[in-house]
Peer 1: 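Here you go, one structure.
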Number of protein chains: 2
Amino acid sequence: MSETNAGIENLTEALREAGIRVTRQRAALLGVLAAADDHPDAPELHRRAESEVPGISLSTVYRTLSTLESQGVIQRHQFEGAPARFEPVEPGHHDHMIDVETGNVLEFCSDRIEKLQAEIAAELGYEIVHHRMELYVRKITGSA
Amino acid sequence: MSETNAGIENLTEALREAGIRVTRQRAALLGVLAAADDHPDAPELHRRAESEVPGISLSTVYRTLSTLESQGVIQRHQFEGAPARFEPVEPGHHDHMIDVETGNVLEFCSDRIEKLQAEIAAELGYEIVHHRMELYVRKITGSA
DNA sequence: ATGCAAATGCGAATGAGTTGCAACTGTCAA
DNA sequence: TTGACAGTTGCAACTCATTCGCATTTGCAT
């Protein structure tokens, strides 16, 4: 628990220093985001934040998410055919695997793939600004 | 030219057999799509189709694109922060590299990456239904 | 404590895409 | 060739996710 709180303390401090006011609404969202291990979308975050800040509006949630994203605190993911989903930024980039049956998101990372990507881009005279890789997957059933 | 026409002939035939009427609007869109080597979005396809079928409506374009997509004739790509873009399906899957400065789309393919993706999914007990990989890139400048 | 720019809540607006519906038109059978 | 009729079209109205305008409120530096 102290870990999470410490993380949020640091964050609020950092935000304040970036000239961004830490309002009740924002604190609540930071808390909700830090506690989330799924990748919630805006309405879901709104729902969760409402228990801490009852009247919080959805626009505020959207605005805060944009702010936090541009501060590099969270990441926005636009998976196929679904509203944007968010996750706190942790050290170390990763990609996503979406279970097409449940909507669950797993994270993974492959240095080897990243390296190949960079090679391919370089061959064509480009450098990678960023990339997006999503595997839409289905659980392998024992029998079938 | 005969190549393109032959391709379209085959397609219209295939559509007819799938119980899908080949209307003027659809023929026009098939032609526009076959002729496109960029990855146009719906309004752009609408613009191009209008020269052949003057009154064609945007809804028809959207409807036709959905139809053609579900027939496996074209593919829809949802790149970051942009409306969907379309391309005819050609044999051989490929991924995309988007020049963030110009919006140009290059295609590429890497068996090695695909293999790694499958391995990663398999390790976690999943099989890949499909994937999406997009490299957002910038041209490497000689000096700078 | 106080001022004020920044942030909020509300509702209205946006943009991409979809849909209901009456009028139209490919297509297949005769 | 001609019907007939289900599939299509154009239009306008709608949805859904997200953004914006604006009057009111509120962090927070002083």
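So that the names make sense, note that chain A is the first sequence line, chain B the second, and so on, each numbered from 1.
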Peer 1: Please report, rounded to the nearest Å, how far the C1' atom of D/dT8 is from the CG atom of B/Leu29.
Peer 2: 13 Å
Peer 1: Starting at CD of A/Glu69 and ending at C1' of D/dT19, how long is that distance when rounded to a whole Å?
Peer 2: 14 Å
Peer 1: Can you give me the N/O atom pairs linking the protein to nucleotides 27-30 of chain D at distances under 3.5 Å, or say none if there are none?
Peer 2:
residue, atom, partner, partner atom, Å
D/dG27, N2, A/Arg21, NH2, 3.0
D/dC28, OP1, A/Arg16, NH1, 3.1
D/dC28, OP1, A/Val22, N, 2.9
D/dC28, OP2, A/Arg16, NH1, 2.9

Peer 1: Just the rounded figure in Å: distance from C1' of D/dC16 to NE2 of A/His46.
Peer 2: 16 Å
Peer 1: Assess the side chains of A/Ser57 and A/Thr60: does a donor N or O sit below 3.5 Å from an acceptor N or O?
Peer 2: yes
Peer 1: Any donor-acceptor pair under 3.5 Å linking the side chain of B/Arg26 with the backbone of B/Arg21?
Peer 2: yes
Peer 1: With a 4.0 Å cut-off, would you call A/Glu101 and A/Lys139 a salt bridge?
Peer 2: no
Peer 1: Any chance the side chains of A/Glu80 and B/His130 put a donor and an acceptor closer than 3.5 Å?
Peer 2: yes
Peer 1: Considering residues at least two apart in sequence or located in another chain, which fulfil the salt bridge (Lys or Arg N to Asp or Glu O under 4.0 Å) criterion with B/Glu123?
Peer 2: none
Peer 1: Polar-atom pairs under 3.5 Å, protein N or O versus N or O of nucleotides 20-24 of chain D: list them with distances, or write none.
Peer 2:
residue, atom, partner, partner atom, Å
D/dG21, O6, A/Arg63, NH1, 3.3

Peer 1: Are A/Glu87 and A/His39 linked by a side-chain donor-acceptor pair shorter than 3.5 Å?
Peer 2: yes
Peer 1: Below 4.0 angstrom, N of the basic side chain to O of the carboxylate: do B/Arg132 and B/Glu134 qualify?
Peer 2: yes
Peer 1: A/Leu65 has an atom CG; how far is it from atom C1' of D/dT19, in whole Å?
Peer 2: 13 Å
Peer 1: Between C1' on D/dT25 and CZ on A/Arg26, what's the gap in Å once rounded to a whole number?
Peer 2: 14 Å
Peer 1: Would you call A/Arg47-A/Glu50 a salt bridge at under 4.0 Å N-O?
Peer 2: no
Peer 1: For residues A/His131 and B/His96, establish whether the separation of their ring centroids is below 6.0 Å.
Peer 2: no
Peer 1: With a 4.5 Å cut-off on side-chain heavy atoms, are A/Phe108 and A/Met133 touching?
Peer 2: yes
Peer 1: What is the distance, rounded to the nearest whole Å, between atom OH of B/Tyr62 and atom C1' of D/dA13?
Peer 2: 16 Å
Peer 1: What is the 5' to 3' range of DNA chain C, first to last nucleotide, that sits under 4.0 Å from any heavy atom of chain B?
Peer 2: C/dA16 to C/dT27
Peer 1: Just to be sure I follow the notation: if a pair is Watson-Crick (purine N1 to pyrimidine N3 plus N6-O4 or O6-N4) or a G-U wobble (N1-O2 and O6-N3), each under 3.5 Å, what dot-bracket string does DNA chain C give, with | for pairs to another strand?
Peer 2: ||||||||||||||||||||||||||||||
Peer 1: Answer whether the closest heavy-atom distance between the side chains of A/Leu106 and B/Tyr126 falls below 4.5 Å.
Peer 2: yes
Peer 1: With sequence neighbours excluded, what pairs up with A/Asp38 under the salt bridge (Lys or Arg N to Asp or Glu O under 4.0 Å) test?
Peer 2: A/Arg48
Peer 1: Of all the heavy-atom pairs spanning A/Val32 and A/Leu45, show the shortest one and how long it is.
Peer 2: CG1-CD2, 3.6 Å
Peer 1: Does B/Ala42 or A/Thr60 map to a spot on DNA chain C nearer the 5' end, using the closest nucleotide for each?
Peer 2: A/Thr60
